[in-house]
Amino acid sequence: MSAHGSPRPKAPLRVWIGTILIGLALLAAPFAFAYAGTAWVRIANFAVLYVMLALGLNIVVGFAGLLDLGYIAFYAVGAYVYALLASPQFGLHLPFWVILPIGAAVAALFGVILGAPTLKLRGDYLAIVTLGFGEIIRIFLNNLSRPVNITNGPQGITGIDPFSIGTFSFAKYETFLGLQFSGPIKYYYLLLALTLLVIVVNIRLQNSRIGRAWEAIREDETAARSMGIDTTHFKLLAFAMGASFGGLAGGMFSAIQSFISPESFVLVESIMVVSMVVLGGMGNIWGVIVGALLLSFVPEILRWTVTPVQEALFGRMLIEPEVIRMLLFGLALVLIMLFRPAGLLPSAVRKRELAASGEAPLVDARL
Amino acid sequence: MDTFLQQIVNGLTAGSVYAVVALGYTMVYGIIQLINFAHGEVVMIGAMVAFTVINALAGGGLPPLAVVLIGALSAIPVCILVGYSMERLAYRPLRRAPRLAPLITAIGVSIILQHLAMLVWSRNILAFPQIIQNTTFTFFGATISSVQIAIIGICVAMMAGLALLVYRTPLGTAMRATAQNPQVAGLMGIDVNRVIAATFVIGAGLGAVAGVLFGTYYGIAQYTMGSVLGLKAFSAAVLGGIGNIPGAMLGGLLLGLVEALGAGYIGDLSDLCSYGWIAGLMTERCADGGHFILFGSNYQDVFAFVVLILVLVFRPQGLLGERVGDRA
């Protein structure tokens, strides 16, 4: 706790230089990706989208310590809100800057709806209930095509509008200052800007009164309550805020894809986002970003290398890259928990916790 | 009345399978407070192994019952091996870790098992060969098939056997002692590690049989079948009171009934045309016996989750569980 109380030391020069270099690299990245092929720009976009999702989930899991295995439901809510309000489905075509906040708000509402009845639950019970909630949302999306067609069922919604302001559309190809901006590249910058915003919000939250309350609840809820923290209020807030980021990311997903169906919001996606948070280091914003980027790019690199390697070795493809990806992903979860339970870049608090595991409240000392 | 009785028969059949799977969750949870997420995959592997064996032997001249029996008997050791290695490699090293760690490992194990099964048995839905002559009996307008009777019978027998094991044998006593307090149990000379391993092995064995029964009943198996089945069985275990063995049996049967009756009646209940005043507002849709059904039986899978959430909110200790204080 005292770590946050002391004034922060001034950042040295090399931190500034590093930040500027990273910034330049991020700005130049889409063109490097475009050089490798437009597919890679899309992959980069999804990676940034996953960073946003993982940061949203990090509020719930990392800050407040509530394991949510149904997080993708909020992503789905955001995506469907956007799709329904900007597609031929209902003939509505509202502008994106109107819908995105609506999507985030609706997702936050769902977060509260999920949070309110489950507040009493802890740890693994909460995980299962949220998982059930995620499945319920998906089953509804799959079936709300009868008797009134709302979601168009398993076929999903097509022809979703891209983002546009006036005549400027994010889907069109454009040349500006001699540089060629394809649709995905424009989306990249938008995603980058929004993600930076989300990162700033996350950092500000972590060091705020709210963030400290979440940390206290995570460490020991009973103690937090007896210190006068309104645990109900703060847990609901964590659910709502995490969900709203999920909803925002969902809206972006909808527009970039221009097609969504319940297929995109299956359980394994929730688990994927949880893994990003866990792999990187729960509660550490930079760790979570690294986790999200790793889990987004490594599978793609696999996809592009596994097939040629297998063909060279065996003359044909024995195991699909998708399967190898999932196997490695499962293995990574197990190995990380066995050997680096706090993640690749653990947060300071977690490190402290694990060092003093004898007295940490999270440790079940019964065995 | 016909529907009602029929859905009760179907519900009891599915419910007894849920109950046997739920036992696997509840025994492990009772002893080490771990939700063994991968238990559903063990059940799936049981069904898959039995499928391969039955498929290979079908038409080989053996009596059908013997074929199914051999299928089940070969599924059991495979599942036991999976269950044991899972405990040994993924869970045992994490006994002292924060509680979320083994839960996340369990998710990892579940993903690994699912995709290994996919490599072995393909993505396709596999049709179980229907080799058993299925005779049906009718009573009071409901029909029950010989397979359904066999499933209910086998499940009840397994539950009785497990109850005997847990309450009447030295191993059972050791299991109950370990569940109450592992440290003291260890001091009393109980090999806690062996007891925990035995719990996983027994749960996996039961799961294997449940998988075979499930596959024979619905006639299909797929590498994804474990996750939903596992979730439902887990809901059943929570409904009965997790960690409580009779509770898992009761919870399984009840969940099966709720699901079957729910699926049987939700269409009628949510048909807006059957409510006079609403039907008055929608004369076009409801004319000539028309229907306006909000929720059909395709929402069947929702019931288990709704039951789970309701139980956890209103009676977190479950029907037969004891109220325990908050443990951080």
Side-chain angles (χ1 to χ4, degrees), chain A residues 61 65 67 69 117-118 120-129 131-133 135-136 139-140 142-143 146-148 219-223 267-268 271 274-275 278 282 318-320 322-324 326-327 329-338 341 353-354 357 360-367, chain B residues 29 32-35 37 89-90 93-116 118-119 181-183 192 196 227-228 231 234-235 238 242 272 285 291-296 298-299 301-302 304-306 308-310 312-313 316 326-328:
Chain A
V61 180
L67 184 58
L69 288 183
T118 53
K120 283 191 293 183
L121 308 174
R122 293 185 174 198
D124 34 16
Y125 275 117
L126 181 74
I128 300 289
V129 171
L131 191 157
F133 175 80
E135 284 296 287
I136 290 179
I139 294 173
F140 269 85
N142 247 326
N143 289 304
R146 278 181 309 142
V148 183
E219 296 302 305
D220 190 334
E221 198 181 326
T222 319
L267 174 61
V268 84
I271 293 177
V274 171
S275 315
V278 170
M282 280 185 253
L318 289 178
I319 305 176
E320 293 164 60
E322 174 64 21
V323 179
I324 294 188
M326 292 311 291
L327 284 174
F329 170 50
L331 203 62
L333 280 185
V334 175
L335 293 180
I336 287 278
M337 280 299 118
L338 288 180
E353 231 169 62
L354 287 168
S357 65
L362 265 176
V363 175
D364 195 352
R366 294 171 11 121
L367 254 177
Chain B
Y29 194 92
I32 54 172
Q33 283 76 46
L34 162 76
I35 298 177
F37 225 83
L89 300 175
L94 287 174
R95 292 256 179 85
R96 285 164 206 277
R99 282 181 77 178
L100 288 188
L103 183 66
I104 290 168
T105 335
I107 296 174
V109 170
S110 157
I111 293 175
I112 295 175
L113 289 179
Q114 226 181 70
H115 287 84
L116 283 180
M118 199 196 108
L119 281 179
N181 191 329
Q183 270 165 339
V192 174
I196 294 174
S227 46
V228 172
L231 266 174
F234 177 78
S235 309
V238 172
I242 190 133
L272 293 185
R285 285 294 290 266
H291 296 289
F292 194 85
I293 297 170
L294 283 183
F295 304 109
N298 39 2
Y299 285 92
D301 285 347
V302 171
F305 300 127
V306 172
L308 176 70
I309 293 174
L310 289 180
L312 286 177
V313 171
D326 283 342
R327 233 186 320 146

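In this text, all values refer to a predicted model and were calculated from it rather than measured experimentally.
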Where does B:Leu312 contact chain A at under 4.5 Å (heavy atoms): side chain, backbone, both or neither? both

Heavy-atom cut-off 4.5 Å, strictly under: side chain, backbone, both or neither for A:Ile271 against chain B? side chain

Heavy-atom closest contact (A:Met326 atom, B:Ile111 atom, distance): O-CG2, 3.5 Å

Okay, A:Leu335 and chain B: the region with an atom under 4.5 Å from a heavy atom over there is neither

Side chain from CB out, backbone as N, CA, C, O: work out which of these in B:Leu113 comes under 4.5 Å of a heavy atom of chain A, or both, or neither. neither

Looking at A:Ala127 and B:Leu103, what are the two nearest heavy atoms and their distance? CB-CD2, 3.8 Å

Between B:Ile104 and A:Met337, the two heavy atoms sitting closest are CG2-CG, 3.9 Å

Cut-off 4.5 Å, heavy atoms of chain A, and the answer for B:Leu231 is side chain

Closest approach of B:Leu89 and A:Leu338, non-hydrogen atoms and distance? O-CD1, 3.8 Å

Step-by-step side chain to side chain contact (heavy atoms under 4.5 Å, CB included) determination, B:Ile309 to A:Ile136: CA-CA 11 Å; B:Ile309 293 174; A:Ile136 290 179; 4.3 Å; yes

Relative to chain B, which segment of A:Val278 carries a heavy atom at a distance below 4.5 Å: side chain, backbone, both, or neither? side chain

Can you name the closest pair of heavy atoms from A:Leu327 and B:His115 and give their distance? CD2-CB, 3.8 Å

When rounded to the nearest 0.5 angstrom, what is the spacing between CD1 in B:Ile35 and CD1 in A:Ile128? 4.0 Å

Non-hydrogen atoms of chain B under 4.5 Å away: do they reach the side chain of A:Phe329, the backbone, both or neither? side chain

Check the pair A:Leu131 / B:Phe234 against side chain to side chain contact (heavy atoms under 4.5 Å, CB included), numbers first and verdict last. CA-CA 12 Å; A:Leu131 191 157; B:Phe234 177 78; over 6 Å; no

Checking A:Leu69 against chain B: side chain, backbone, both or neither under 4.5 Å from a heavy atom? side chain

